[in-house]
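Reading through the C-alpha cells given below for one structure.
Order of the sequence lines sets the chain letters (A, B, ...), proteins ahead of strands, with each chain counted from 1. All heavy atoms count here, side chains included; hydrogens, waters and symmetry mates do not.
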Amino acid sequence: MAEKLPSRSENFADWYNQLVLKAELADYAPVRGCMVVRPYGWALWENIQAALDRRFKETGHVNAAFPLFIPMHFLEKEKEHVEGFSPELAVVTHGGGEKLEEPLVVRPTSETIIGYMYAKWIKSYRDLPVLINQWGNVVRWELRTKLFLRTLEFYWQEGHTAHATEEEAREETLRMLGVYADFAINEAAVPVIQGVKSESEKFAGAVQSTTIEAMMGDKRALQAGTSHFLGQNFAKAFDIQYLDRNNTLQYVWTTSWGLSTRFIGAIIMVHGDDQGLVLPPRLAPIQVVIVPIYRNESQKSEVMEAVRRVGGELTEAGIRVKVDDRDEVTPGFKFNDWEMRGVPLRIEIGPKDVEKGSVALARRDIPGREGKSFVPQAGIAQTVAEMLTTIQDALLARATAFRDANIHDPKDYAELQEVVKDGWAFSWWCGDAECEAKVKADTKATTRCIPLEGVEGEGKCIVCGKKATQKVYFARAY
RNA sequence: CGGGGUGUAGCGCAGAUGGCAGCGCACCGCGUUUGGGACGCGGGGGUCGGCGGUUCAAGUCCGCCCACCCCGACCA
C-alpha cells in the first residue's frame with residue numbers, strides 16, 4: 001500500500017487505474033489486456049454475485065454450467081451474431097498436440113451452445129419456460145483494454161431463457177432488466193436509467209436490447225448491465241421447437257441477460273474520491289474496520305480488550321468487521337489505508353475511549369473531521385447498523401443528484417455538441433440511424449438508451465428537425 | 001492497423017563526450033514510536049527488454065526484433 005492517488009478531477013483515467021491497483025482490487029496479468037482479480041476485488045464480486053443470485057432465484061431461475069469451448073460453426077448459424085463477434089474471437093486450433101478438425105471458439109457469450117442444448121431439451125410446451133443462469137467467464141479480443149471495464153477475459157453471469165410466447169419472452173427481458181436496476185440502485189447505490197438500445201447499439205443477434213445506463217464521476221456513461229429479447233433468431237438458428245397444445249410445432253422465444261465484473265468499475269467510478277475507493281455498505285467486503293490506538297503495553301491490553309468486545313458485538317449483529325491489529329504501522333497509516341480500500345465506516349478505540357466508554361466513528365463518505373463522531377460503546381451494534389444505512393442512502397442520494405445535475409436538455413444541435421463534452425443530453429430523436437451517426441462523428445457521443453419511462457408528446461429531432469416521438473440520451477460512453 | 005512514446009532492482013527514475021550499475025519508495029533485521037501517511041541504524045535484491053554488430057572495453061554507439069503504454073476506427 002502506498003502514496004496518494006492522482007486527483008480525480010484532474011486526471012480521472014489515471015486516478016482510476018491507480019485506485020484499482022492500490023486498493024488491491026486487481027492487478028495486471030502477464031498477458032496483454034488480462035487482469036487478475038485480487039482477493040479484495042473478488043470478495044466484492046462475491047457480494048455482487050450473492051445479491052444478484054438471490055434475485056435470480058426469487059424470479060424462478062436456476063444455475064447451470066455450459067462449456068467454455070464452442071464449435072466454430074455454431075457461431076456462424078446466426079448471421080448478425082457472427083458478424084458482431086467474429087472480429088473479437090479467440091480461437092483454439094490445436095489440442096493434444098494435434099491440429100483440430102474444426103477450430104473451437106472460446107465463448108464470447110453462450111447463446112449458441114445453450115441454444116444447441118435447448119433444442120435437445122425442449123420438446124413440448126410443458127418443458128417451457130426454461131429459466132437458466134450461468135456464472136462464468138468469457139473472452140472477447142478487445143483492442144483497447146482497461147481494468148474491469150474492458151479486458152480480454154471477464155467474469156459475469158449470463159441468463160438464458162426460452163418461452164412459449166413472444167409476450168412472455170418480452171416480459172422476461174424487462175423483468176430481468178428490472179432486477180438489474182433494483183440491484184444497482186438498492187445494493188450498489190448506483191442510480192441507473194432503464195431503457196432500450198438503438199438499432200446500432202444493440203446486441204448482435206437480438207431483436208431488442210435493453211440496458212441499465214449509469215453516469216460515472218467524469219460524466220461519461222457506462223452500460224452496466226443488459227437484457228436482450230432475442231425473438232426467434234436463435235430458436236430458428238438452432239432449431240429449438242416445441243409442440244404446443246394443438247400439437248403444432250412452434251419455435252420458442254428466447255432472452256439473454258448479463259451483468260459482469262465491469263460493474264465493479266461502475267462502483268469505483270460512481271462513488272470513489274481523491275482518497276480512494278468508497279464502497280456501498282451493502283456490498284462492502286469489510287463494512288467496519290476497527291483501529292486500536294495505544295502508546296504502551298498496558299494501554300494496549302486495555303484497548304485491545306475493548307476492541308475485541310466491540311468487534312464481537314458487531315460480528316454478533318451480522319456486521320462484517322475487521323480489526324486492524326497490525327503493530328508495524330501507525331494508526332494514521334491505517335486510516336489512509338482503509339480509506340483507499342473504501343471501507344464505509346471506521347471505529348477508532350484509544351485510551352480516552354476506554355476511559356469514557358466511547359469510540360470514535362469516521363464515515364468514509366464524508367472525509368475528515370466532518371465525518372467523525374464520538375459515540376458510546378453501549379449499543380454500538382445498533383449505532384453502527386444505523387450509520388451503515390445512513391451511508392448507503394447518502395451515497396445513492398449523492399450519485400443521483402450528481403447525475404441529474406449533469407443531464408441537459410439542449411435547445412438545438414449546437415448546444416447538444418456543447419453539453420455532451422461534459423455531461424449527457426436528453427433530446428428528441430427521430431430514430432434515424434444517420435442522425436445518430438452524425439452525433440457520434442461530430443462529438444463521439446452515442447445514443448445510450450430510450451428510457452422505458454417514456455416521455456409524452458412529440459418534438460423535433462435535435463439533429464435533423466424532423467418529427468420525433470421519443471427522447472434519447474446522448475453521451476460519451478466507456 | 002495508422003500516429004506518438006517507453007523499456008535499467010517489486011514500483012518510480014538517474015546514469016554528459018563509451019571505463020567499478022546508482023538514488024527514492026517498497027522489502028528484511030534491531031531499537032525508539034503510535035488519536036491522520038513515524039524515525040534512526042544495519043541489510044538483501046540486477047541476464048540494464050532480446051539478438052547481433054563496432055570496440056581493449058557497451059546500460060551508453062549502430063542494426064534488427066520483441067514487449068508494453070498513450071492517442072484514433074470496434075466493444076459488457
Side-chain angles (χ1 to χ4, degrees), chain A residues 1-5 11 13-14 17-18 21-22 27-34 83-89 108-109 137-146 148-158 180 197 200-204 206 209 211-214 221-228 256-266 275-276 291-297 299-300 303 324-340 346-356 358-362 367-369 371-372 374 437 440-441 444 446 477-478:
Chain A
M1 241 300 308
E3 328 292 273
K4 282 196 174 123
L5 244 29
N11 193 344
D14 207 23
N17 285 331
Q18 292 198 37
L21 298 174
K22 287 180 174 162
D27 200 355
Y28 292 103
V31 180
R32 178 197 73 86
C34 292
E83 280 172 9
F85 281 107
S86 57
E88 49 186 67
L89 294 179
T109 179
N137 57 338
V138 288
V139 169
R140 299 180 186 176
W141 214 264
E142 301 289 351
L143 300 178
R144 301 199 14 70
T145 59
K146 198 170 165 80
F148 288 116
L149 298 180
R150 192 175 306 105
T151 47
L152 298 200
E153 180 187 15
F154 59 90
Y155 302 88
W156 74 344
Q157 57 68 220
E158 45 179 326
Y180 287 155
K197 282 289 185 188
S200 70
E201 294 285 329
K202 80 175 190 198
F203 175 75
S209 285
T211 175
I212 51 170
E213 294 286 326
L222 183 80
Q223 179 174 312
T226 48
S227 181
H228 312 290
S256 68
W257 25 275
L259 186 146
S260 75
T261 38
R262 170 181 259 198
F263 202 93
I264 292 175
Q275 317 307 318
V291 178
I293 294 151
Y294 45 79
R295 286 171 191 279
N296 53 50
E297 282 303 313
Q299 281 185 352
K300 180 177 177 179
V303 165
D324 188 351
D325 57 2
R326 283 179 292 177
D327 240 343
E328 65 274 17
V329 290
T330 61
F333 181 91
K334 293 178 185 177
F335 297 167
N336 288 285
D337 195 19
W338 293 109
E339 281 168 11
M340 180 69 76
R346 179 180 71 242
I347 292 179
E348 303 165 21
I349 301 180
K352 291 180 218 161
D353 298 297
V354 171
E355 204 180 302
K356 295 185 210 158
S358 64
V359 305
L361 270 189
R369 282 244 163 275
K372 253 189 182 182
F374 300 88
K440 188 174 180 181
K444 294 178 193 162
T446 51
Y478 276 98

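- Of the listed nucleotides (C74(B), G36(B), A73(B)), A73(B) has the atom at the smallest distance from the side chain of L143(A).
- For I293(A), counting side-chain heavy atoms from C-beta on, the closest listed nucleotide (G36(B), A76(B), G35(B)) is G35(B).
- Remark: the backbone N or O of H228(A) is not paired with any side-chain donor or acceptor of K197(A) at under 3.5 angstrom.
- When the P atom of G36(B) is taken as reference, atom CG of D324(A) falls 15 Å away, rounded to whole Å.
- Pairing for A14(B) is absent, judged as Watson-Crick or G-U wobble with the two contacts each under 3.5 Å.
- One finds no side-chain N or O of K202(A) lying less than 4.0 angstrom from the OP1 or OP2 phosphate oxygen of A76(B).
- For F148(A) and Y155(A), the ring centers are positioned 6.0 Å apart or more.
- Ring-plane geometry between Y180(A) and W257(A) is classed as perpendicular, the angle between the planes exceeding 60 degrees on a 0 to 90 degree scale with a lower cut at 30.
- In this structure, T261(A) contributes its side chain and F154(A) its backbone to no donor-acceptor pair below 3.5 Å.
- The shortest non-hydrogen separation linking F374(A) to A360(A) is CE2-CB, 3.5 Å.
- Closest approach to the E348(A) side chain among A76(B), G36(B), G35(B) is made by G35(B) (side chain taken as heavy atoms from C-beta onward).
- Of the residues near RNA chain B, A362(A) and F154(A), the one whose nearest nucleotide (by heavy atom distance) lies more toward the 5' end is A362(A).
- For R346(A), the listed nucleotide lying nearest its side chain is G36(B); candidates were G36(B), A76(B), G35(B).
- Separating the P atom of C28(B) from that of A73(B) is a span of 46 Å, rounded to the nearest Å.
- Side chain of Q299(A) to main chain of R295(A): a donor-acceptor pair is present (N/O by atom type, distance under 3.5 Å, no hydrogens or angles).
- Nucleotides A9(B) and A14(B) have their C1' atoms positioned 14 Å apart, rounded to a whole Å.
- In this structure, the nucleotide among G72(B), G35(B), A76(B) sitting nearest to the side chain of K444(A) is G72(B).
- For Q275(A) and G37(B), the CD to C1' distance is 11 Å, given to the nearest whole Å.
- Between A76(B) and U8(B), the two C1' atoms lie 39 Å apart (nearest whole Å).
- As the counterpart of A21(B), no nucleotide is assigned, since no Watson-Crick or G-U wobble pattern has both distances under 3.5 Å.
- One C1' atom belongs to C61(B), the other to C48(B), and the distance between them is 16 Å to the nearest Å.
- One can place CZ of R140(A) at 12 Å from C1' of C74(B), the figure rounded to the nearest angstrom.
- For K372(A), the NZ atom is densely surrounded, since the number of other residues' heavy atoms within 6.0 Å is greater than 12.
- One C1' atom belongs to U60(B), the other to U54(B), and the distance between them is 13 Å to the nearest Å.
- If you check every strand for non-hydrogen atoms under 4.0 Å, N296(A) touches nothing.
- Here the side chain of N137(A) pairs no donor or acceptor atom with the backbone of V139(A) at under 3.5 angstrom.
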Dump every N/O contact between nucleotides 38-46 of chain B and the protein below 3.5 Å, one line per pair.
| unit_1 | atom_1 | unit_2 | atom_2 | d |
| --- | --- | --- | --- | --- |
| A38(B) | OP2 | T330(A) | OG1 | 2.5 |

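- Between the C1' atoms of A67(B) and G49(B), the separation comes to 7 Å (whole Å).
- Comparing atom distances between the K352(A) side chain and each of G36(B), A76(B), G35(B) picks out G35(B) as nearest.
- G350(A) comes within contact range of at least one nucleobase, with a heavy-atom separation under 4.0 Å.
- What separates CD of Q18(A) from C1' of C25(B) is a distance of 14 Å, to the nearest Å.
- Here C69(B) presents its P atom at 12 Å from NZ of K146(A), a figure rounded to the nearest Å.
- Between D327(A) and E153(A), the residue anchored nearer the 5' end of RNA chain B, judged by the nucleotide with its closest heavy atom, is D327(A).
- A67(B) is paired with U6(B) under the Watson-Crick or G-U wobble criterion, all donor-acceptor distances under 3.5 Å.
- Note on L259(A): nothing from the nucleic acid sits closer than 4.0 angstrom, heavy atoms only.
- In textbook terms, a nucleotide whose glycosidic angle is within 90° of 0 is syn, while A21(B), being further out, is anti.
- Residue T151(A) is in base contact, counting any heavy-atom pair closer than 4.0 Å across all strands shown.
- Residue contacts shown for A477(A) are absent, as no nucleic acid heavy atom lies under 4.0 Å away.
- In this structure a side-chain-to-backbone donor-acceptor pair under 3.5 Å is present from R262(A) to L149(A).
- Residue K300(A) is classed as having no contact, given no heavy-atom separation below 4.0 Å to the nucleic acid.
- For E88(A) and A73(B), the CD to C1' distance is 14 Å, given to the nearest whole Å.
- Under the stacking definition used here (centres under 5.5 Å, planes under 30°), the residue F335(A) fails to qualify as stacked on the base of G37(B).
- Applying the 3.5 Å distance criterion, the base of G35(B) shares a donor-acceptor pair with the side chain of D353(A).
- Between the Q157(A) side chain and the L259(A) main chain, a donor and an acceptor come within less than 3.5 Å of each other.
- The two atoms that bring E348(A) and A362(A) nearest to each other are OE2-CB, 4.5 Å, heavy atoms only.
- The same atom, P, is picked in G12(B) and in C68(B); the two are 16 Å apart, to the nearest Å.
- Residue F263(A) contributes atom CZ, which lies 16 Å from atom P of A76(B) at whole-angstrom precision.
- Base pairing annotation: C39(B) forms a Watson-Crick or G-U wobble pair with G31(B), both donor-acceptor distances under 3.5 Å.
- When Watson-Crick and G-U wobble pairs are counted only if both distances are under 3.5 Å, C61(B) pairs with G53(B).
- G46(B) and C41(B) have their C1' atoms separated by 25 Å, with the value rounded to a whole Å.
- Atom CD of Q299(A) is separated from atom P of U33(B) by 12 Å (rounded to the nearest Å).
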